[in-house]
Amino acid sequence: MFAAERRQLILEMVRANGAVSLRELARVVQTSEVTVRRDVRALEAEGLLDRRHGGAVLPGGFTRESGFPQKSHLATAEKTAIADLAATFVEEGEAIVVGAGTTTQELARRLARVPGLTVVTNSLLVAQALAHANRVEVVMTGGTLRGSNYALVGSGAEQSLHGLRVSRAFLSGAGLTAERGLSTSNMLSASVDRALVQAAAEVVVLADHTKLGTDTMFQTVPTDLITRLVTDEPPAHDDRAGTELQALADQGVQIAVAGGQGGTAGSGAGGPGGDAVPARQQRRDVPVPGPRRQVPGAGGQLRSASASMLGEQGAERARVADLRRR
């Protein structure tokens, strides 16, 4: 394929999908990522697209949302690895919420064998993946069907989540930055995702490396509410993705990298059916600086300690005053 033909195909893919990774572009045009990166630079110089961390997006800074048929064929290997790892954080008997998206759909397929699980979702695709799981209870929100991603949105979906409380929310989105957190391109989807977050004690974001550093119009989860990010190993040349991961970790987000070399499979998280985590999906947790949320009861302990200290100081002052009077 000549350079002009490659670049035309790359441009058509970006226009059709909104954002495409270099890895995916190289696979489709059947060349190396080095060659694709050179083509993307040339197209960016002409103002036809923008380069992003490990990929290319539509020009203008904010990516638009792709339809489900396009997104389902993007970064499939990365989504599989992320879903495999994310499933290890789900335990038997838990109640969780799972948002809409192709990555969360992959997660749902792996949750079908977790006994006693209750899954609340606004995604028809997630519900379909769990429809025949006889040990999993699926609760659908109300709402209006949004055909582009097979999700229920609107006031009906949001109202059905009021008063709900679960252990974890698993969400994906169109972009993730340390500055704004998780974001999406659609206002209705963002509003429902925010309601899902309010229902959960912890928030787990599933995002492949192409979404790191990408910013879209509507914020769904600010960084300080994200408990954990499950992502894939960024390419070695993608320094910006690594920088974004470090920035997220510096803000207290726990980072779990699927497929990382030298990772450990961790313990205490029951995967589907209690299966061990294969070496291919081992995780590497990046340490973070201290706890981000107040530990329940810690305030009382601190107050008790302070009261005790003040009591001791008062007693000492009384003893000194008594000596002076003598």
Side-chain angles (χ1 to χ4, degrees), residues 65-153 157 160-161 164 166-174 182 184 186 189 192-193 195-197 199-200 202-208 211 220 228 230-232 256 258-259 269-275 277-278 280-281:
E65 184 177 29
S66 307
F68 172 77
Q70 291 82 23
K71 290 192 289 187
S72 63
H73 296 294
L74 295 176
T76 53
E78 291 86 345
K79 291 174 183 176
T80 298
I82 290 169
D84 286 341
L85 177 53
T88 68
F89 296 108
V90 180
E91 299 179 356
E92 294 184 11
E94 270 195 283
I96 63 173
V97 294
V98 179
T102 52
T103 310
T104 52
Q105 179 190 23
E106 287 296 322
L107 170 63
R109 290 171 177 155
R110 287 149 181 80
L111 298 180
R113 292 183 294 150
V114 181
L117 190 64
T118 300
V119 177
V120 181
T121 185
N122 69 319
S123 169
L124 298 186
L125 298 175
V126 168
Q128 182 184 41
L130 295 168
H132 300 293
N134 56 16
R135 293 182 293 176
V136 177
E137 182 178 1
V138 180
V139 179
M140 294 288 298
T141 68
T144 303
L145 178 62
R146 184 165 178 259
S148 62
N149 64 345
Y150 300 95
L152 297 171
V153 298
S160 66
L161 294 166
L164 180 71
V166 298
S167 57
R168 293 182 182 87
F170 291 86
L171 300 174
S172 61
L182 189 67
T184 188
N186 182 267
S189 295
V192 175
D193 281 353
L196 292 172
V197 169
E202 295 182 1
V203 178
V204 181
V205 170
L206 313 182
D208 65 76
K211 296 177 181 178
T220 57
R228 188 187 303 273
V230 184
T231 186
D232 62 300
D275 296 341
V277 182
R280 182 173 60 85
Q281 289 100 21

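Below, all heavy atoms of this structure are taken into account, side chains as well, without hydrogens, waters or symmetry copies.
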**Request:** Please round to the nearest 0.5 Å and tell me the distance separating atom CG of Asp208 and atom OG of Ser172.
**Result:** 9.5 Å

**Request:** Supply the atom-to-atom distance Glu78 CD to Asp232 CG, rounded to the nearest 0.5 angstrom.
**Result:** 5.0 Å

**Request:** Check Thr80 against Glu106 and note the closest heavy-atom contact, atom names and distance.
**Result:** OG1-OE1, 4.3 Å

**Fill in**
CG of Asn134 to CZ of Arg113, rounded to nearest 0.5 Å, is 12.5 Å

**Message:** Test your reading of the model: is there a side-chain donor-acceptor pair from Thr231 to the backbone of Ala207, 3.5 Å cut-off?
**Reply:** yes

**Asked** Quick one: CG on Leu124 to CE on Met140, what's the gap to the nearest 0.5 Å?
**Response** 4.5 Å

**Complete:** To the nearest 0.5 Å, atom OG1 of Thr104 lies from atom CG of Leu111 at 10.0 Å

**Request:** May I ask you to decide if Leu152's main-chain N or O and Asn122's side chain share a donor-acceptor pair within less than 3.5 Å?
**Result:** yes

**Message:** For Thr141 versus Ser160, what's the shortest heavy-atom pair and its separation?
**Reply:** CB-OG, 3.2 Å

**Message:** Donor-acceptor pair, distance only, cut-off 3.5 Å: does the side chain of Ser167 make one with the backbone of Ala95?
**Reply:** yes

**Fill in**
Closest non-hydrogen contact found for Ala83 with Leu107 is CB-N, 3.6 Å

**Prompt:** Checking side-chain contact (heavy atoms from CB on, under 4.5 Å) against Thr220, which of Leu171, Val192, Asp193 comes through?
**Reply:** Asp193

**Prompt:** Does a side-chain N-to-carboxylate-O contact under 4.0 Å join Arg110 and Asp84?
**Reply:** yes

**Item:** Minimum heavy-atom distance between Ala258 and Ala81, given as atom pair plus value
**Value:** CB-O, 3.5 Å

**Request:** Check step by step if side-chain contact (heavy atoms from CB on, under 4.5 Å) holds for Val119 and Glu137.
**Result:** CA-CA 6 Å; Val119 177; Glu137 182 178 1; over 6 Å; no

**Asked** Taking the side chain as C-beta and beyond, is there a heavy-atom pair between Asn186 and Arg146 under 4.5 Å?
**Response** yes

**Closest approach of Phe89 to Val230 (non-hydrogen atoms, all atoms of both residues)** = CE1-CG2, 4.1 Å

**Candidate pair Ser189 and Asn149, rule side-chain contact (heavy atoms from CB on, under 4.5 Å), full reasoning** = CA-CA 10 Å; Ser189 295; Asn149 64 345; 3.9 Å; yes

**Request:** Look at the side chain of Thr103 and the backbone N and O of Leu206, then say whether any donor-acceptor pair between them is shorter than 3.5 Å.
**Result:** no

**Item:** Nearest atoms (heavy-atom pairs only) where Ala133 meets Ala112
**Value:** CB-O, 3.4 Å

**Message:** Under a 4.0 Å threshold between the charged nitrogen and the carboxylate oxygen, would Glu94 count as salt-bridged to Arg168?
**Reply:** yes

**Asked** Less than 4.5 Å apart, any side-chain heavy atom of Phe170 and any of Ile96?
**Response** yes

**Item:** CG on Leu164 to CG on Leu196, rounded to 0.5 Å
**Value:** 8.5 Å

**Asked** Lys79 side chain to Thr102 main-chain N or O, any donor-acceptor pair under 3.5 Å?
**Response** no

